[in-house]
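Computed from a predicted structure; not experimentally measured. So that the names make sense, note that chain A is the first sequence line, chain B the second, and so on, each numbered from 1.
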Amino acid sequence: MSDSTGKSDGKLLDVKDLKIYYPIHAGVFLKKVGDVKAVDGVSFTVKEGETLGLVGESGCGKTTVGKGIMRLVDVTSGTIDFTTKAGETIDVVPLDRGSMRPIRAEVQMIYQDPFSSLNPRWSVGDIIAEPLGVHMPELSGKERDDKVAWLLEKVGLRGEQAGRYPHEFSGGQRQRVGIARALATAPRLVLADEPVSALDVSIQAQVVNLMQDLQEEFGLTYLFIAHDLSVVEHISHRIAVMYLGNLVEIGPAREVYSNPIHPYTRALISAVPLPEPSMGRPDRQRLVGEVPSPLNKPSGCPFRTRCPLAVESCAGDLPPLIEVAPDRQVACPVVAGDSASGA
Amino acid sequence: MHGMISYFIRRLLLIPITFVCITFMVYGIMRLSPGGPIEQARTQMLMAQMQEGGGGAFSQIGELALPQDAIDQLKIYYKLHRSIPVGYMIWLGVWPDDDRGGIFSGIIQGDFGISYRYSDSVLSTIVSKFPISVTFGLIGYLATWIVCIPLGVQKALLHRTWFDMTTSLAVFLGYSIPGFVACLALMLMFGTSLVWDLFPLGGFRSENWNDMWAAGNIWWCIKDQAWHMFIPLVGYVMSGFATMTILMKNSLLDNLGADYVRTAFAKGLSERRVIFLHALRNSMIPICVGIGGAIGLLFAGSFLIEKTCNIPGMGLLGFNSLIERDYPVLMGILVFGVLIRLTGNILSDLILAFIDPRVRFK
Amino acid sequence: MTHILFKLLQLLVVLLLGFVLTTYVLPWFFRCFLRILGYPAEFSPVTQKRIRRFRAIRRGYWSFKLITVLFVTSLFLELIVSSKALMIRYEDRTAYPALCEWLNMAWPFGEVSSFNKKSDFGQIGESEVDYRQFAIYAAHPALMRKDLEKERTALTAEKEAYLAEHPTPGPDARRFEVRRYERAMKRFGKRGETLLALEKNLAVFEGGRAGCWMPVYPVGPGDLRYDLKSNPPNRPSLEEGVPLGTDMSGRDVVPLMLYGFRISLAFALVVAGLGYGFGILVGGVQGYYGGWVDIVTQRVVEIWGSIPFLFTIMIIASIVQPSFWILAVLMVVLTSWLGITYYVRAEFYREKAKDYVQAAIGSGVSDWRIITRHILPNALVPVVTFAPFGIVAYIGSLVSLDYLGFGLPPGTPSWGALLRQGLENVKFYPHLTIIPTVALASTLYTVVMIGEAVREAFDPKVFSRLR
Amino acid sequence: MATTATTADGARKKLLEVKGLRTYFDVEGQTAKAVDGVDFFIHENEVFGLVGESGSGKSVTALSVMRLIPDPPGWIDGGEVLFRGKNLLDLTYDEMRKIRGNDISMIFQEPMTALNPVYSIGFQLTEALQHHQVMSRQDARERAVEMLDLVGIPDASRRLGNYPHEFSGGMRQRAMIAMALSLTPHLLIADEPTTALDVTIQAQILELMLDLRQQTGDSSIMLITHDLAVVAETCERVAVMYGGKIQEVAEVKRLFTNPEHPYTRGLLASLPRPDRVKQKRLQTIPGIVPSILDFPKGCKFWTRCPVKEDVCEQVEPELVKVEEGHWCRCHLVSAAETPPVEAPAGEPEGGTE
């Protein structure tokens with residue numbers, strides 16, 4: 001546990017060299033023969049009150065990062081420093097379940113699937129009250145009910161709906177219930193794991209707005225994990241792009257979107273369709289091939305097998321994140337040099 | 001592929017471990033049990049004395065003393081004079097048997113010992129019963145398939161129709177009558193004069209079957225065999241009938257609603273082709289996997305049906321050896337039972353790996 | 001005829017009581033129990049929907065009602081089918097032997113004596129009261145008088161016949177003749193005294209100071225029917241009062257079947273309950289913790305499953321005569337916990353991966369609470385759908401074991417044992433086969449109907465067909 | 001009921017014309033009107049988009065065209081599906097089978113479950129060829145290799161022996177496309193073909209579909225999606241569905257620049273637009289998408305409509321022509337008897353909040 005170093009310049013979350021591996025067992029005696037490197041040395045910080053968007057395609061490890069921070073999966077190595085309300089900076093990686101519990105009140109998660117994230121056998125009131133029961137056992141039944149009603153109102157539902165069950169709600173409403181549950185313990189950091197991707201287009205906007213309103217009202221910090229770049233760009237202050245377990249680019253949302261540097265980011269952004277028929281996409285960069293399996297990740301830069309700019313040296317070491325502009329890092333030595341000089 | 005091989009090697013390695021655990025447990029239970037062979041010999045001797053000397057020995061029934069040397073002899077005969085682990089290891093064949101000049105002789109040498117009752121080697125006693133049990137098991141299983149697969153398919157295709165409802169009632173009635181009870185009821189109905197005296201009351205063949213066979217009266221032999229086999233076969237079929245039919249039906253129903261069936265229709269394939277080539281093949285997977293489990297029934301026979309219909313197969317042998325406390329045979333049968341089931345499990349996995357390309361064991 | 005109608009009426013009342021008990025009283029207790037455990041009093045809508053669907057499947061629902069009512073009623077069999085009186089009154093003495101017997105069954109940790117001496121109730125002897133006799137006389141004192149008269153005339157006739165043959169020995173009679181004469185006279189005298197005593201008794205009965213209330217069917221499972229003319233086994237005969245006949249040792253088949261029903265179902269329920277409890281525990285641990293725990297346990301389950309359980313139970317039963325509980329525990333240990341672990345394990349794996357469980361873990365909810373409150377209610381689904389079929393299997397196993405002679409101790413009322421007698425007498429006494437077969441098949445069929453309805457209610461097979 | 005969309009622009013022939021199609025489902029005793037009077041047409045050699053949210057009936061429409069409605073619980077209650085003038089709903093099953101795969105083929109959303117797991121890709125590719133065109137096994141195999149090559153699966157002849165689970169999601173969808181186009185159908189119905197895929201793969205697949213259409217003949221595509229952006233980039237004409245009805249049909253440019261229906265406007269406004277100046281908040285359509293069982297009487301959209309009037313609650317509006325090639329189902333949009341090009345196109349995005 002890293003000792004408390006006081007307020008670390010507004011950093012709420014500081015993830016350093018996070019690695020999450022899943023062992024592969026094989027052979028007659030099931031010896032460990034290797035690892036699936038789901039997250040392979042990811043470092044980033046989240047400042048208090050901001051929204052960091054974490055994007056990438058499926059299987060890139062973005063959800064695993066979120067679950068690692070929540071300690072829902074075992075972290076192989078690295079540090080996750082979280083600054084608590086009291087101002088202490090605590091590394092949550094070595095914590096056991098007991099000492100993790102108080103931190104859980106301050107870090108909550110919103111899940112992707114509004115159907116599976118609510119227990120179908122529980123009323124939404126009970127669902128929202130459960131974290132309250134863990135972290136504020138001192139509340140009386142009445143107080144708890146009031147709090148649940150208040151939370152329901154906050155997320156745009158009605159307090160008297162607490163007695164209803166999830167199946168009586170539509171997808172968007174369920175996602176609101178999920179948000180209310182996440183807010184029950186007054187967290188400071190909310191990890192939103194694809195919170196809108198299962199929702200209808202007309203409902204997505206409602207939920208995104210709600211999340212922004214709540215951020216303003218409660219001063220929340222979001223780690224917004226998603227694959228939909230346009231939504232991420234809209235809600236985030238900064239964006240981090242992941243590919244195959246590594247961060248490839250991180251920077252302010254607008255800049256990353258309008259001026260992507262890493263070849264993967266470029267391809268990703270140019271692949272996003274736009275609701276603008278007149279435009280056409282002559283500039284579209286086409287990526288060849290498929291994402292390699294994390295079981296046999298390419299050496300060096302993981303993107304080199306599909307990269308249009310790949311050079312021989314890419315196969316060497318994993319390229320580190322290079323600062324190309326203030327608050328802007330890219331893990332590609334090939335392009336970083338140009339941009340840094342250009343910037 | 002490599003992973004699969006090591007998976008199966010691992011499974012095979014588990015067989016001896018399992019085998020040792022189970023047989024040791026049973027050996028221990030038998031050795032520790034009261035009423036073992038010595039006790040039986042004592043009772044037999046007592047009976048003999050009573051018949052000879054009238055009520056003379058009656059008074060001392062409790063403490064009837066066999067001469068000590070007779071007991072010792074018996075103990076050696078039954079190999080009870082050693083501690084349980086040593087006795088077990090001799091039986092297993094990994095410990096020298098001093099009584100037979102210190103040779104290694106036991107299961108792993110293929111020596112299962114000598115049956116107390118048949119005074120024949122256990123192995124040959126058991127193997128001699130194989131054909132009978134396998135005949136019944138195999139024909140019964142085949143008959144089950146022949147009846148159940150078409151019935152299940154038809155029930156799935158006519159789900160919730162009159163046909164489905166009525167056959168369901170019959171299938172569930174079959175499920176609620178254990179096979180041996182069905183045999184008993186059939187024997188009552190068609191083996192006695194109650195309804196129609198049509199079939200024999202048990203037995204594997206008529207007594208003069210071998211003579212007729214020798215006389216070359218083959219047609220008569222076949223008829224006689226079938227005549228005897230009918231009722232027990234119904235019992236065999238009955239035991240797996242309902243499960244397999246319903247499994248077939250539900251499995252096909254699930255697959256008929258699958259997306260790939262829609263794709264197949266979207267390709268313009270005929271209904272027959274979609275059902276019988278696409279959906280049926282997938283729904284046969286759980287049924288084929290059951291073959292491994294059925295192996296046990298094939299070889300081990302059924303105590304209940306063999307006892308009911310008086311068929312001298314493996315099941316009846318096991319039952320009789322239990323009644324007569326013929327421990328070597330008992331252990332032998334248990335060993336076979338366990339081995340067959342374990343092999344059956346692995347066979348199930350192999351079949352699954354063979355017919356379902358998705359399956360990857362690790 | 002009126003007699004039979006009256007019996008049927010009594011039976012109806014008994015079943016009605018059973019129905020009320022099953023439908024209203026027991027569910028209430030069940031709900032209280034759940035509330036004590038801390039589960040919500042109301043079922044969740046998911047469960048409610050399933051229950052609604054189950055009720056809509058009439059066959060299964062009525063089968064369920066039927067079997068539960070019958071089973072609950074059968075728990076009071078000592079009060080319904082027994083040779084012991086529900087209540088017996090003689091002058092100022094009252095006893096409830098059947099109730100005592102029932103208490104002994106229901107509460108096996110203490111013993112209440114249900115024994116009543118004959119001499120205390122106006123009968124001759126020190127053994128247990130012949131309640132049936134008592135009941136007949138209590139109901140019809142005239143019959144008793146008639147019997148007494150008959151007895152008295154018989155005695156007088158016998159005495160006179162004796163005296164005619166053996167006149168009073170004179171003084172020159174030989175010693176042994178005198179002895180014999182005296183002995184005979186003494187015997188006549190004693191019988192006379194007995195008659196006298198009974199006559200006094202008659203006054204009690206005629207004065208209405210004796211009463212006896214017998215169960216609906218006044219023969220217990222262990223009672224031999226000495227009152228029948230022919231030797232056992234007896235074929236069914238309504239005139240003789242053995243509607244289902246007797247078995248080879250002369251026991252009435254009616255109580256055998258009824259008590260056999262209770263013991264079979266109770267056995268199956270105990271085996272299923274214990275086995276599923278243990279299976280849920282093992283499967284839950286496997287599924288929730290996964291990893292090496294899972295791999296190792298999985299192998300153990302597989303190894304254990306490859307033991308031929310029927311044969312092993314037979315071997316053990318051939319060594320130690322198993323009681324109900326030993327047999328039940330053997331069944332649990334050797335087989336019944338195994339099957340369910342696969343399903344519970346899979347269910348735990350599936351539910352644990354779902355976001356709502358992840359959310360609970362992420363909120364710091366304890367493992368125990370997650371398992372019992374979140375996952376378990378879902379994992380119970382396979383248990384509930386399998387239970388009826390398990391019960392069918394366990395009843396079948398018990399019947400098989402009894403049939404082979406390695407089941408419950410001899411003398412226990414059992415369908416399997418009766419079937420064995422059926423096999424031995426298949427040619428001449430078909431009722432010994434037919435009756436248990438019909439009982440077994442109809443019971444199992446009813447349970448299967450329940451199982452099928454439950455399965456349908458929990459997992460309705462959607463049938464959609466394209467062309 | 002609705003104006004039958006007969007006013008084709010003389011030059012282009014209609015390949016498919018759907019008139020008053022109704023497809024209902026039985027949901028626990030209630031009738032869910034998944035498709036409730038849908039009219040549209042597709043020209044020959046056209047990419048037509050059908051957009052809608054979940055429960056709008058877009059997929060059911062497509063399945064109804066193929067007559068692949070699972071029965072029970074669903075059935076086609078009425079209407080006409082005219083394919084090159086022939087009503088598909090009148091055909092016998094055998095005649096319909098000759099159309100499926102051969103003239104109209106379809107690809108589905110989830111390529112994993114849409115392929116039969118126990119047969120190799122090659123088998124599944126060739127069986128339709130052998131079935132429809134009576135090809136020899138060898139010819140069918142060659143054609144299959146050719147198709148796999150075409151959809152960009154490397155090492156095609158070897159991959160033919162692979163099973164679906166050995167393919168990645170993108171490759172499975174490619175194989176599906178190969179399968180669907182191998183018989184050069186006149187109409188390809190693509191039901192959310194890219195929803196399960198990542199953006200980069202989505203771009204590849206969409207591009208592939210459009211390319212192949214030109215290479216393999218003049219097939220039309222009916223693209224069903226919930227993603228307006230995908231439609232904007234690929235389609236020529238679009239129909240917007242809501243509540244089992246077509247709410248608006250127009251050419252793509254027209255629809256995106258000049259949407260008439262409040263629902264279309266709302267949808268467009270609620271999309272985050274990273275390519276434009278950042279708004280603080282997204283505009284939204286209030287309320288929730290009703291369950292398929294309780295869409296309101298009258299206009300299906302009035303419960304969420306920001307500009308609804310009393311008449312909307314009672315009377316279902318007709319699909320009226322706003323201008324040439326542009327139909328809209330809204331009381332507040334007047335039918336254009338006079339065809340002014342810039343008539344109601346006041347502020348396309350302003351009034352939707």
Side-chain angles (χ1 to χ4, degrees), chain B residues 1-4 155-165 248-249 251-289 349-362, chain D residues 59 62-63 65-73 93-121 123-133 161-166 172 175-176 179-180 182-183 185 188-191:
Chain B
M1 205 56 225
H2 191 71
M4 297 268 265
K155 277 171 72 67
L157 295 182
L158 298 173
H159 185 57
R160 299 225 167 113
T161 59
W162 180 85
F163 174 82
D164 183 35
M165 305 280 183
M248 182 69 234
K249 179 193 167 188
S251 173
L252 185 58
L253 269 185
D254 284 343
N255 279 293
L256 281 176
D259 281 358
Y260 68 80
V261 164
R262 192 177 55 188
T263 310
F265 273 110
K267 281 195 282 193
L269 302 179
S270 71
E271 197 184 355
R272 282 182 72 83
R273 188 176 168 93
V274 175
I275 291 173
F276 290 101
L277 215 75
H278 284 266
L280 193 61
R281 165 111 193 239
N282 276 282
S283 45
M284 285 302 285
I285 290 173
I287 306 229
C288 292
V289 169
D349 280 359
L350 269 175
I351 293 172
L352 186 61
F354 187 70
I355 58 175
D356 189 345
R358 284 165 297 179
V359 170
R360 284 285 166 270
F361 292 110
K362 270 199 308 198
Chain D
S59 286
L63 289 173
V65 170
M66 289 291 268
R67 282 179 56 188
L68 285 175
I69 296 297
D71 175 20
Y93 281 119
D94 281 328
E95 288 166 331
M96 189 64 213
R97 262 171 230 137
K98 290 207 179 74
I99 303 245
R100 285 183 198 148
N102 209 8
D103 294 316
I104 309 178
S105 54
M106 189 160 181
I107 55 181
F108 299 96
Q109 172 176 354
E110 186 42 75
M112 180 70 230
T113 55
L115 288 167
N116 193 335
V118 300
Y119 288 108
S120 66
I121 296 284
F123 177 90
Q124 298 187 56
L125 257 169
T126 51
E127 70 169 334
L129 289 170
Q130 285 175 287
H131 191 260
H132 282 296
Q133 294 197 342
N162 281 16
Y163 288 94
H165 72 272
E166 295 167 289
R172 271 181 227 134
M176 278 296 287
M179 202 182 292
S182 59
L183 283 158
L188 172 68
I189 302 179
D191 185 1

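Note on D:L183, D:T113, D:V118: by heavy-atom pairs under 4.5 Å with chain B, the leading option is D:V118. Considering only heavy-atom pairs separated by less than 4.5 Å from chain B, the leading option among D:E166, D:K98, D:H132, D:M176 is D:H132. With chain D as the partner, the residue from B:D356, B:I285, B:L277 showing the most heavy-atom pairs under 4.5 Å is B:L277.
The contact between B:A266 and chain D is made by backbone and side chain atoms together, counting heavy-atom distances below 4.5 Å. Of the two parts of D:M179, only the side chain, counted from C-beta on, holds a non-hydrogen atom closer than 4.5 Å to a non-hydrogen atom of chain B. Heavy atoms closer than 4.5 Å to chain B are found in both the backbone and the side chain of D:P117. Neither the backbone nor the side chain of B:R160 comes within contact range of chain D, judged by heavy atoms closer than 4.5 Å.
Remark: D:A180 engages D:S105, D:I107, D:L188 in a side chain to side chain contact (heavy atoms under 4.5 Å, CB included) (not counting sequence neighbours).
The minimum heavy-atom distance linking D:L68 with B:F265 is given by the pair CD2-CB, 3.5 Å.
For the atom pair CD of D:E127 and CG of B:L269, the computed distance is 4.5 Å after rounding to the nearest 0.5 Å.
Side-chain contact check for D:F108 versus B:R262: some heavy-atom pair is nearer than 4.5 Å.
The side-chain contact (heavy atoms from CB on, under 4.5 Å) test with B:K267 singles out one residue from D:Q124, D:M106, D:R97, D:R100, and that residue is D:Q124.
Panel note: side chain B:T263, backbone D:A114; a donor-acceptor pair is recorded below 3.5 Å.
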